[in-house]
J.: 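Pasting a structure here, questions to come.
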Amino acid sequence: MIEFAKELNAAQYEAVTTLDGPVLVIAGAGSGKTRTVVYRLANLLERGVPASSILLLTFTRKAANEMLQRASRLLGYGVQGIAGGTFHAFAYSLLRQYHPARLEGRDLTIMDGADSVAAIQHCKDALGIARGDKSFPKTQTVLSLLSKSRNKELPLDEVLRREAYHLLVHADGVSRIGEAYAEYRAEHGLLDYDDLLFEVERLLRERPDLLAHLRDRYRYIMVDEYQDTNLVQARLVQLLAGEGGNVMAVGDDAQSIYAFRGANVQNILSFPQFFPGTRIIKLEENYRSTQPVLDLTNAILAEAPQAYRKHLYTSREDGVLPQVVRPLSDLTQASIVVSRVSELLRTYPPHEIAVLFRAGFHSYHVEVQLNKLGIRFRKYGGVRYSEAAHVKDVMAYARLVLNPLDLPAFQRVAALSRGVGPKTTLRLYEVARQGDPAATAHACARYPQLRADLELLDRLRKRTPAPATLLEEVIEHYQPRLEAAYPDDWPRRQQGLEQLVQIASAYRDLDLFISDLSLEDPGTEEEDRDSVVLSTIHSAKGLEWSAVIILDLVEDRFPSRHAVTRADDFEEERRLMYVACTRARERLMLFVPSSLYQRGEGGNQPAAPSPFVRELPAALYEEWYESYTGGLQRRDTSRPVARPAVASTFGCAPRPESAPVPGGPSPVAGAAKLGFCTHKIFGRGKIVQHLPPDKYRVNFPGVGLKVILGDYLTLEDDA
DNA sequence: GCGTGTACCTTTTTT
DNA sequence: AGGTACACGC
């Protein structure tokens with residue numbers, strides 16, 4: 001028997017034992033959210049709820065697997081049969097079983113992002129829109145605008161008005177492309193990511209019998225990361241749960257970082273309205289980070305508007321101050337980061353150290369340096385494994401075996417042959433579509449390679465071997481082209497393809513393998529304890545490490561240059577910063593290079609420190625800067641310092657911190673006095689900032705940040 | 001009209 | 001590193 005009351009705190013216990021009716025759990029960063037979900041799963045199972053009655057919707061399949069594994073360990077027996085995964089994967093599994101087209105024996109193929117881009121390009125060309133018009137948005141932009149319009153369920157005009165005013169003149173062209181794109185999908189039996197959700201909603205609304213069946217089946221629903229659901233996802237939860245259903249949403253409005261793809265924080269805010277009688281439970285005790293790390297993360301959030309106020313506190317009093325490190329450039333940043341990683345490796349195992357960044361390409365220099373020193377790393381986010389060109393090539397064959405009329409895949413395979421461009425491809429596709437083998441062979445006569453491709457596909461289609469076997473044959477066939485196309489690094493890519501066969505060997509159904517590959521990047525699946533982690537902040541969501549290094553905290557990079565004009569976007573960047581820093585358990589290092597190397601712009605350009613660092617009270621971190629002789633020097637933030645004489649020569653010196661942030665308090669004054677204090681009502685707290693002349697910002701455990709007159713505080717002098 | 005090679009430019013985040 | 005625009009050659 002599990003002793004729930006002993007192993008959980010009061011709030012967690014309440015969340016774990018409230019099994020009936022709607023529950024909303026507001027889980028602060030590091031507050032034991034996963035633990036709570038895991039114990040709740042265990043509790044349900046211990047009380048005899050069948051696993052098949054539980055639906056667990058998570059943000060990644062990895063998160064779902066982790067929860068199930070931990071629940072198994074807790075219970076002492078394997079947990080099997082719980083439905084779950086991501087919304088998209090769950091949606092596909094329903095469509096696979098119940099979609100009308102599938103029931104009629106037709107194929108539904110999932111398009112990944114690259115397929116959608118190709119399709120949009122195709123529609124744009126076919127309509128002849130914007131030929132030679134440079135002001136017309138790029139294909140990728142068109143796709144994201146159309147997708148945003150669907151995800152936010154706003155007319156395209158409105159999306160443009162809000163986010164891309166300068167593109168309003170092209171509204172008509174973009175929406176015509178959108179209509180053509182929808183026809184294209186319908187015609188070829190293709191579903192893009194957004195379709196998965198909307199098609200399921202339509203299915204559930206059109207088939208009350210099916211809905212009733214599913215409601216009866218999934219009696220207990222849990223949804224993780226609820227702050228990052230969009231409108232249609234929230235409606236799906238409502239449909240599946242029904243009124244007064246046993247549904248638990250878990251999330252944290254302060255960690256909403258997916259508004260750019262249509263996530264709506266309003267979902268978590270109005271959950272209690274949609275489900276009357278909702279029990280709201282807040283998890284506020286932080287078990288992850290040391291107090292100094294927590295102080296810094298609280299300061300990041302202090303100015304952000306938040307609907308569910310939380311006051312994170314910890315009982316851990318130990319810990320070292322976070323560090324702000326100011327290298328001279330992003331190039332030297334890379335070497336300093338790598339030497340810091342080497343130092344950390346003396347204390348922590350590799351998989352407990354993470355380097356986080358805003359965008360995939362920001363880690364490039366660090367990757368080079370790590371390779372140089374032979375430090376193993378794994379990178380998450382950025383270019384996905386399944387989107388690498390060679391993987392897409394091989395998968396295109398697999399898709400054509402399954403669905404001979406999968407146009408994106410056909411285009412990909414056809415393009416591998418010399419002399420075949422877009423027009424020829426379409427002509428051949430039309431011939432192939434007629435299904436007359438003789439005609440097809442004739443049409444391909446001039447392209448022997450393509451003919452060999454199609455013959456291979458025909459053979460495979462007749463035999464329908466297991467996915468792994470099929471891939472092996474495709475790869476053997478593809479090998480000469482791999483070597484020709486990537487003379488520099490084909491062995492590396494070949495290894496990647498072998499990995500693909502490995503992954504496929506776990507599947508019996510080709511269509512499941514293909515859809516899983518587009519729905520979840522297998523590169524993120526297994527973790528590797530011998531490698532340091534490099535990750536975009538988005539991919540770091542929900543994870544934690546002993547030591548965290550954050551790169552490129554400069555304007556234009558973090559916050560991203562695309563996110564500084566609109567207040568909403570800027571706030572999302574701030575939450576992103578919050579998410580990044582709250583990943584750290586013990587060590588946190590923020591890197592602020594003074595210049596960035598820009599190609600074409602004459603080398604190094606000065607870079608301004610990110611506002612997220614500028615606004616931090618100086619007492620919350622230790623500061624280091626790189627001197628021109630190469631070493632790192634500690635800057636004593638408690639006293640005014642003489643800046644290095646050469647500092648301003650190249651315009652890339654650390655910003656003098658005595659320059660006050662406009663309208664903000666001076667972080668320097670009185671910093672020497674910062675320490676702990678006691679207050680009659682709030683108790684002992686940590687002084688975070690002196691607000692001259694006579695106020696202090698104090699963080700009280702369990703209460704949060706308060707601004708208090710010095711007269712009401714008893715100061716401790718322990719420096 | 002179609003395909004290819006080259007020079008250049010730009011790089012957010014993800015299902 | 002990958003896409004795009006343009007010029008050239010079939």
Side-chain angles (χ1 to χ4, degrees), chain A residues 57-61 85-92 110-118 121 124-125 130-134 136 138-141 143-144 147-148 150-151 191-198 225 228-230 232-233 256-263 356-364 367 380-384 386-389 392 414-415 417-427 446-447 486 488-489 515-521 523-524 535-541 552 556-564 569 572-573 575-577 579-580 596 598-601:
Chain A
L57 292 169
T58 53
F59 207 71
T60 61
R61 185 169 45 194
T86 64
F87 272 94
H88 290 85
F90 177 66
Y92 182 67
I110 298 178
M111 306 170 80
D112 65 14
D115 294 331
S116 297
V117 168
Q121 182 71 54
K124 191 173 150 192
D125 292 344
R131 249 197 288 271
D133 181 355
K134 275 194 182 164
F136 197 83
K138 304 242 173 300
T139 308
Q140 180 63 253
T141 313
L143 174 63
S144 66
S147 177
K148 207 167 245 185
R150 294 181 75 200
N151 277 292
L191 296 175
D192 71 7
Y193 289 130
D194 301 333
D195 288 330
L196 291 172
L197 304 177
F198 288 110
E225 308 281 11
D228 283 320
T229 55
N230 64 18
V232 63
Q233 287 169 334
S256 143
I257 54 174
Y258 279 93
F260 72 90
R261 75 166 200 212
L356 306 183
F357 34 85
R358 175 67 180 83
F361 71 96
H362 291 170
S363 67
Y364 178 68
E367 290 172 44
Y380 301 92
V383 179
R384 311 172 98 227
S386 53
E387 276 173 14
K392 295 222 69 162
S417 291
R418 303 226 122 229
V420 182
K423 296 286 174 189
T424 312
T425 301
L426 277 185
R427 215 186 67 237
R446 283 175 57 197
Y447 314 105
Y486 307 101
D488 311 340
D489 66 344
S515 61
D516 273 9
L517 202 65
S518 21
L519 289 174
E520 190 101 27
D521 190 4
T524 63
S535 176
T536 60
I537 298 167
H538 283 89
S539 300
K541 177 169 164 174
D552 282 339
D556 273 11
R557 289 211 164 180
F558 194 1
S560 158
R561 83 172 70 146
H562 304 282
V564 288
D569 290 343
E572 180 146 313
E573 298 287 308
R575 293 191 297 268
L576 210 45
M577 175 72 177
V579 168
L596 293 179
Q598 314 262 21
R599 246 195 306 199
E601 305 239 357

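Here is how names work: the chains are called A, B, and so on, in the same order as the sequence lines, proteins then strands, and each is numbered from 1. It should be emphasised that the depicted structure is a prediction, and the values quoted were computed from it without experimental measurement.
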J.: Who passes side-chain contact (heavy atoms from CB on, under 4.5 Å) against A:Ala114, sequence neighbours left out?
T.: A:Asp112, A:Lys392
J.: Can you name the residues that form a side-chain contact (heavy atoms from CB on, under 4.5 Å) with A:Thr139, not counting sequence neighbours?
T.: A:Val117, A:Ile120, A:Gln121, A:Lys124
J.: List for me each residue that meets ring-ring contact (aromatic ring centres under 6.0 Å, His included) alongside A:His362, sequence neighbours excluded, and say none if there are none.
T.: none
J.: Tell me: CD of A:Glu367 to P of C:dA1, nearest whole Å?
T.: 10 Å
J.: For A:Tyr92, what residues pass the ring-ring contact (aromatic ring centres under 6.0 Å, His included) criterion, not counting sequence neighbours?
T.: none
J.: A:Tyr364: which residues meet the side-chain contact (heavy atoms from CB on, under 4.5 Å) condition with it, sequence neighbours left out?
T.: A:Val368
J.: Taking only residues two or more places apart in sequence or in another chain, which ones pass ring-ring contact (aromatic ring centres under 6.0 Å, His included) with A:Phe198?
T.: none
J.: Using a cut-off of under 3.5 Å, enumerate the N/O to N/O pairs linking the protein to nucleotides 3-7 of chain B.
T.:
from, atom 1, to, atom 2, distance (Å)
B:dG3, OP1, A:Gly421, N, 2.9
B:dG3, OP1, A:Thr424, N, 3.1
B:dG3, OP1, A:Thr424, OG1, 2.1
B:dG3, OP2, A:Lys423, N, 3.4
B:dT4, OP1, A:Gly419, N, 2.3
B:dG5, OP1, A:Arg418, NH1, 3.2
B:dG5, OP1, A:Arg418, NH2, 3.4

J.: Partners of A:Asn230 by side-chain contact (heavy atoms from CB on, under 4.5 Å), sequence neighbours excluded?
T.: A:Asn151, A:Leu197, A:Val232, A:Gln233
J.: Looking at residues at least two apart in the chain, or sitting in another chain, which of them share a side chain to side chain donor-acceptor pair (under 3.5 Å) with A:Arg150?
T.: A:Asp192, A:Asp195
J.: I'd like to check the salt bridge (Lys or Arg N to Asp or Glu O under 4.0 Å) partners of A:Lys541; sequence neighbours left out, ordered by chain and number.
T.: A:Glu225, A:Asp228
J.: Between protein and nucleotides 12-15 of chain B, what N or O pairs are separated by less than 3.5 Å?
T.:
from, atom 1, to, atom 2, distance (Å)
B:dT12, OP2, A:His562, NE2, 3.1
B:dT12, O2, A:Arg358, NH1, 2.8
B:dT12, O2, A:Arg358, NH2, 2.1
B:dT13, OP1, A:Gly360, N, 2.7
B:dT13, O4', A:Arg358, NH1, 3.2
B:dT13, O2, A:Arg358, NH2, 3.1
B:dT14, OP1, A:Thr536, OG1, 3.2
B:dT14, OP1, A:Ser539, OG, 3.0
B:dT15, OP2, A:Arg384, NE, 3.2
B:dT15, OP2, A:Arg384, NH2, 2.5
B:dT15, O4', A:Arg261, NH1, 3.4
B:dT15, O3', A:His88, ND1, 3.2
B:dT15, O2, A:His88, NE2, 3.4

J.: Please tabulate the protein-to-nucleotide N/O contacts below 3.5 Å involving nucleotides 7-10 of chain C, giving atom names and distances.
T.:
none

J.: Testing A:Tyr380, A:Phe357, A:Phe361 for side-chain contact (heavy atoms from CB on, under 4.5 Å) with A:Thr536, which one passes?
T.: A:Phe357
J.: Just how far, in rounded Å, is P of B:dC8 from NZ of A:Lys138?
T.: 17 Å
J.: With a 4.0 Å limit, can you tell me whether A:Arg561 has a side-chain N or O closer than that to the phosphate oxygens OP1/OP2 of B:dT11?
T.: yes
